[in-house]
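First up is the structure itself, then whatever we jot down about it.
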Amino acid sequence: MRWKLRLRGDALLTLLLGAALGLLLYAQHDGGAPTTRAPQAQGRVAPGPTPGLRVFQAPDAGAALQAYEEDTPEPPTPTGPFDFGRYLRAKDQRRFPLLINQPQKCQGYGAPGAGPDLLIAVKSVAADFERRQAVRQTWGAEGRVKGALVRRVFLLGVPRGSGLDQAHAEGAGKQMRWRALLRAESRAYSDILLWAFDDTFFNLTLKEIHFLAWASAYCPDVRFVFKGDADVFMHVGNLLEFLAARDPAQDLLAGDVIIQARPIRARASKYYIPEAVYGLPVYPAYAGGGGFVLSGATLHRLASACAQVELFPIDDVFLGMCLQRLRITPEPHPAFRTFGIPQPSAAPHLRTFDPCFYRELVVVHGLSAADIWLMWHLLHGPHRPACARRWPVAAGPFQWGP
């Protein structure tokens with residue numbers, strides 16, 4: 001009898017413990033983070049929130065204007081606090097020596113007046129060797145693509161040699177070491193352009209005007225120029241397909257065009273622009289600096305116009321000001337995705353890092369070096385993706401198909 005009572009007690013205790021464990025697991029599942037999530041591409045960090053697509057027409061009267069900060073990817077270098085007083089004092093200093101040059105980059109291609117069909121110019125910083133290598137080995141490779149001659153340069157300024165708490169001599173030593181490394185890289189690849197200004201986010205405008213002047217002088221016969229960041233994926237074949245019907249002697253600047261963007265007046269923003277620097281309520285139309293293409297004719301006209309426009313600390317807006325001076329309207333192109341590929345809310349499980357999406361586009365911004373290398377080989381390797389159908393590059397706005 002005592003044995004039966006003990007057995008009943010053990011069974012009751014087991015049931016109670018099982019019920020308690022079940023309640024605990026249910027509470028964790030209900031109140032904690034979910035244990036499953038939408039599938040992601042291997043080796044890729046989950047994307048953050050993506051800004052909405054831009055509408056390429058002026059908003060209705062009374063509609064809220066776009067803010068520049070909402071339409072701008074993260075800068076390629078840390079910004080830090082921006083000293084507008086120092087900027088205004090030095091804003092007229094716009095000529096800096098060229099420390100590393102590639103004077104033969106666009107020469108020696110047969111008949112006189114025959115330059116490259118496409119010059120790729122990539123904004124970079126000294127420490128970003130990994131990204132430069134990814135570009136060299138993938139979409140930025142020099143040579144013939146679909147019969148077109150492609151050449152490449154990287155645009156750099158001098159890295160900041162020291163922080164405020166470091167000695168000047170130590171900073172100068174760091175700059176000398178960086179310069180030696182860049183000279184060695186230039187000897188190996190013949191694609192480094194280095195100017196003697198500090199390589200900071202707000203000095204990207206200096207990089208813009210110095211490149212335009214360099215290309216106009218050393219690549220006078222180039223047909224088209226693609227200019228972009230080192231963290232973009234560019235489909236060269238699609239770009240050349242788009243340019244095949246365009247005349248390099250006519251004005252063209254195409255990309256991800258932003259209109260009616262207003263300056264940020266909040267001091268806490270890294271894009272803060274006081275009214276003393278820019279007093280108008282909106283910026284002129286401009287193409288996102290992540291990647292755009294321009295014709296040889298526009299290159300030369302911009303080099304002249306930008307030399308006459310007052311410097312502005314945000315480079316793609318500055319270029320919009322130069323276009324406005326020339327009365328050139330930047331051309332929106334749906335295959336330039338300088339803010340990445342937005343994930344549709346109706347399909348949160350969909351993987352946007354998919355070669356079937358990238359196959360239809362020209363530029364996608366915000367990729368790691370590994371992403372660039374992987375996507376290039378997914379699209380150009382022996383085992384290419386089996387996508388449903390192939391749309392022409394310029395066949396209307398990009399859509400999420402079935």
Side-chain angles (χ1 to χ4, degrees), residues 73-74 76 105 116-124 128 130-155 189 191 207-208 211 215 219 222-244 246 252-257 287-295 299 315-316 319 330-341 352-381 384-385 390-394 398:
E74 288 297 313
K105 177 58 65 174
D117 296 293
L118 179 65
L119 174 65
I120 294 174
V122 183
K123 295 176 286 185
S124 185
D128 234 356
E130 181 184 18
R131 288 190 186 276
R132 289 194 293 276
Q133 280 296 84
V135 171
R136 289 179 180 120
Q137 295 171 6
T138 58
W139 60 266
E142 296 187 315
R144 293 278 176 182
V145 180
K146 293 187 173 182
L149 182 63
V150 178
R151 302 295 280 167
R152 173 196 67 239
V153 289
F154 290 98
L155 317 177
Y189 299 103
D191 59 4
K207 195 171 286 188
E208 188 77 60
F211 166 69
C219 296
V222 66
R223 290 170 56 81
F224 296 98
V225 177
F226 172 82
K227 185 169 178 288
D229 291 342
D231 61 343
V232 305
F233 176 86
M234 198 265 279
H235 198 305
V236 183
N238 286 352
L239 179 62
L240 291 173
E241 181 182 331
F242 164 66
L243 295 175
R246 310 307 290 256
L252 170 70
L253 192 145
D256 195 353
V257 177
F292 57 86
V293 65
L294 63 154
S295 66
L299 167 74
D315 63 320
D316 45 10
L319 199 63
E331 179 179 324
H333 193 295
F336 285 72
R337 297 283 166 169
T338 56
F339 305 98
I341 303 175
T352 57
F353 190 73
D354 187 310
C356 292
F357 292 128
Y358 283 67
R359 188 186 66 161
E360 312 295 334
L361 302 177
V362 174
V363 173
V364 181
H365 190 240
L367 277 71
S368 69
D371 286 342
I372 293 171
W373 188 92
L374 176 60
M375 184 55 66
W376 178 262
H377 286 278
L378 286 173
L379 287 173
H380 297 86
R384 300 183 183 182
R390 175 83 165 119
W391 290 97
V393 172
F398 177 80

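We use all heavy atoms of the structure for the numbers below, so side chains are in, but hydrogens, waters and symmetry mates are not. This structure is a prediction, so every number in the text was calculated from the model and none was measured.
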Listed by chain and number, what are the side chain to side chain contact (heavy atoms under 4.5 Å, CB included) partners of Ser295, not counting sequence neighbours?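 Result, side chain to side chain contact (heavy atoms under 4.5 Å, CB included) vs Ser295: Phe224, Leu252, Ala297, Thr298.
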
Set of side chain to side chain donor-acceptor pair (under 3.5 Å) partners for [X], sequence neighbours left out:
X: Arg223; value: Asp117
X: Glu142; value: Lys105, Arg151
X: His377; value: Trp373

Separation between [atom1] of [X] and [atom2] of [Y], rounded to the nearest 0.5 Å:
X: Asn238; Y: Glu360; atom1: CG; atom2: CD; result: 7.5 Å
X: Leu319; Y: Leu294; atom1: CG; atom2: CG; result: 8.0 Å
X: Lys146; Y: Leu239; atom1: NZ; atom2: CG; result: 10.0 Å
X: Trp139; Y: Ile372; atom1: CH2; atom2: CD1; result: 7.0 Å
X: Met375; Y: Asp354; atom1: CE; atom2: CG; result: 7.0 Å
X: His235; Y: Glu241; atom1: NE2; atom2: CD; result: 9.0 Å

What closest approach, in Å, do [X] and [Y] show between heavy atoms, and which atom pair accounts for it?
X: Ile120; Y: Met234; result: CD1-CE, 4.0 Å
X: Leu119; Y: Ala215; result: CD2-CB, 4.5 Å
X: Phe226; Y: Leu118; result: N-CD1, 3.8 Å
X: Leu155; Y: Ala121; result: CD1-CB, 4.1 Å
X: Ala141; Y: Val150; result: O-CG1, 4.1 Å
X: Phe336; Y: Gly291; result: CD2-O, 3.4 Å

Less than 4.5 Å apart, any side-chain heavy atom of [X] and any of [Y]?
X: Phe353; Y: Leu374; answer: yes
X: Tyr358; Y: Leu378; answer: no
X: Asp315; Y: Lys207; answer: no

Let me know which of Lys123, Arg131, His365 forms a side-chain hydrogen bond (donor to acceptor under 3.5 Å, both in side chains) with Asp231.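 That would be His365; it is the only one of Lys123, Arg131, His365 passing the side-chain hydrogen bond (donor to acceptor under 3.5 Å, both in side chains) with Asp231.
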
Contacts of Phe292 that satisfy ring pair (Phe, Tyr, Trp, His ring centres under 6.0 Å) - sequence neighbours left out: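 By the ring pair (Phe, Tyr, Trp, His ring centres under 6.0 Å) rule, Phe292 matches no residue at all.
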
When you look at CD of Glu130, are more than 12 heavy atoms from neighbouring residues, nucleotides or ligands closer to it than 6.0 Å?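 No, because the 6.0 Å sphere around CD of Glu130 holds 12 heavy atoms or fewer from other groups.
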
What residues form a salt bridge (charged side-chain N to carboxylate O under 4.0 Å, His left out) with Arg136, not counting sequence neighbours?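 So Arg136 forms a salt bridge (charged side-chain N to carboxylate O under 4.0 Å, His left out) with Glu185, Asp191.
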
Parallel, tilted or perpendicular: which describes the rings of Phe242 and His333, with under 30° parallel and over 60° perpendicular?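 Geometry flag for His333 against Phe242: perpendicular rings.
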
